[in-house]
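In what follows, a structure is listed as structure tokens, so that the remarks can point back to it.
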Amino acid sequence: QVQLVESGGGLVQAGGSLRLSCAASGRTSSSSRMGWFRQALGKEREFVASITWSVGTTNYAESVKGRFAVSRDDAKNTVYLQMNSLKPEDTALYYCAASPISYIVTQARSYPYWGQGTQVTVSS
């Protein structure tokens, strides 16, 4: 089992920045790729970004490219999501997830381990 705990959410004005953290514990060797997803009220969960533990390969949803950056700290077993130029449409509950799959996967069903989520609210 892999346990994931997100932090760093909050309320920010449009154009502002936030950095989310996801601390992984347990059988972290079971996870090759870490993903960030978000779910806005009344909408389906959607992929945001992901990164591999091994070489740090990243990929992003089109809606966040150029604004968000995912990174990892191997020593701390922690993954980060730096969010810049935030927009009201970025408002959502943000989840960290872990997958044993090393190649690029964006479907939530490919990630068996999930955190509780952290709320991000962007005011206009």
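Here the structure is a predicted model, which is why all the values come from computation and not from measurement.
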Going by salt bridge (charged side-chain N to carboxylate O under 4.0 Å, His left out), name the residues that satisfy it together with [X], two or more places apart in sequence or in a different chain.
{"X": "Lys65", "answer": "Glu62"}
{"X": "Arg45", "answer": "none"}
{"X": "Arg19", "answer": "none"}
{"X": "Asp74", "answer": "Arg72"}

**Report entry** Summary of disulfide bond (SG atoms under 2.5 Å apart) pairs that have at least one residue in residues 87-124, sequence neighbours excluded
**Finding:** Cys22-Cys96

Query raised in the report: Tell me, which pairs form a disulfide bond (SG atoms under 2.5 Å apart) where one or both residues lie in residues 45-80, sequence neighbours left out?
Result: none

Query raised in the report: Can Tyr80 be reached from Met34 by stepping across I, L, V, M, F, W or Y side chains whose heavy atoms are under 4.5 Å apart?
Result: no

Query raised in the report: In the single-linkage hydrophobic clustering (I, L, V, M, F, W, Y; side-chain heavy atoms under 4.5 Å), do Val48 and Val79 co-cluster?
Result: yes

Qualifying residues under side chain to side chain contact (heavy atoms under 4.5 Å, CB included), relative to [X], sequence neighbours excluded:
{"X": "Glu44", "answer": "none"}
{"X": "Thr58", "answer": "Ile51, Tyr60, Val70"}
{"X": "Ile101", "answer": "Ser99, Tyr103, Val105, Ser110"}

Query raised in the report: Does anything in residues 21-37 pair up under salt bridge (charged side-chain N to carboxylate O under 4.0 Å, His left out), and if so which pairs, sequence neighbours excluded?
Result: none

Side-chain donor-acceptor pairs of residues 87-94 under 3.5 Å, sequence neighbours excluded:
from: Asp90; atom 1: OD1; to: Arg38; atom 2: NH1; distance (Å): 2.9
from: Asp90; atom 1: OD1; to: Arg67; atom 2: NH2; distance (Å): 3.0
from: Asp90; atom 1: OD2; to: Arg67; atom 2: NH1; distance (Å): 2.7
from: Asp90; atom 1: OD2; to: Arg67; atom 2: NH2; distance (Å): 3.4
from: Asp90; atom 1: OD2; to: Lys87; atom 2: N; distance (Å): 2.8
from: Thr91; atom 1: OG1; to: Pro88; atom 2: O; distance (Å): 2.9
from: Thr91; atom 1: OG1; to: Val122; atom 2: N; distance (Å): 2.9
from: Thr91; atom 1: OG1; to: Val122; atom 2: O; distance (Å): 3.4
from: Tyr94; atom 1: OH; to: Arg38; atom 2: NH1; distance (Å): 2.9
from: Tyr94; atom 1: OH; to: Asp90; atom 2: O; distance (Å): 2.6

Query raised in the report: If you look only at pairs with a residue in residues 8-46, which of them pass as a ring-ring contact (aromatic ring centres under 6.0 Å, His included), with sequence neighbours excluded?
Result: Phe37-Phe47, Phe37-Tyr111, Phe37-Trp114

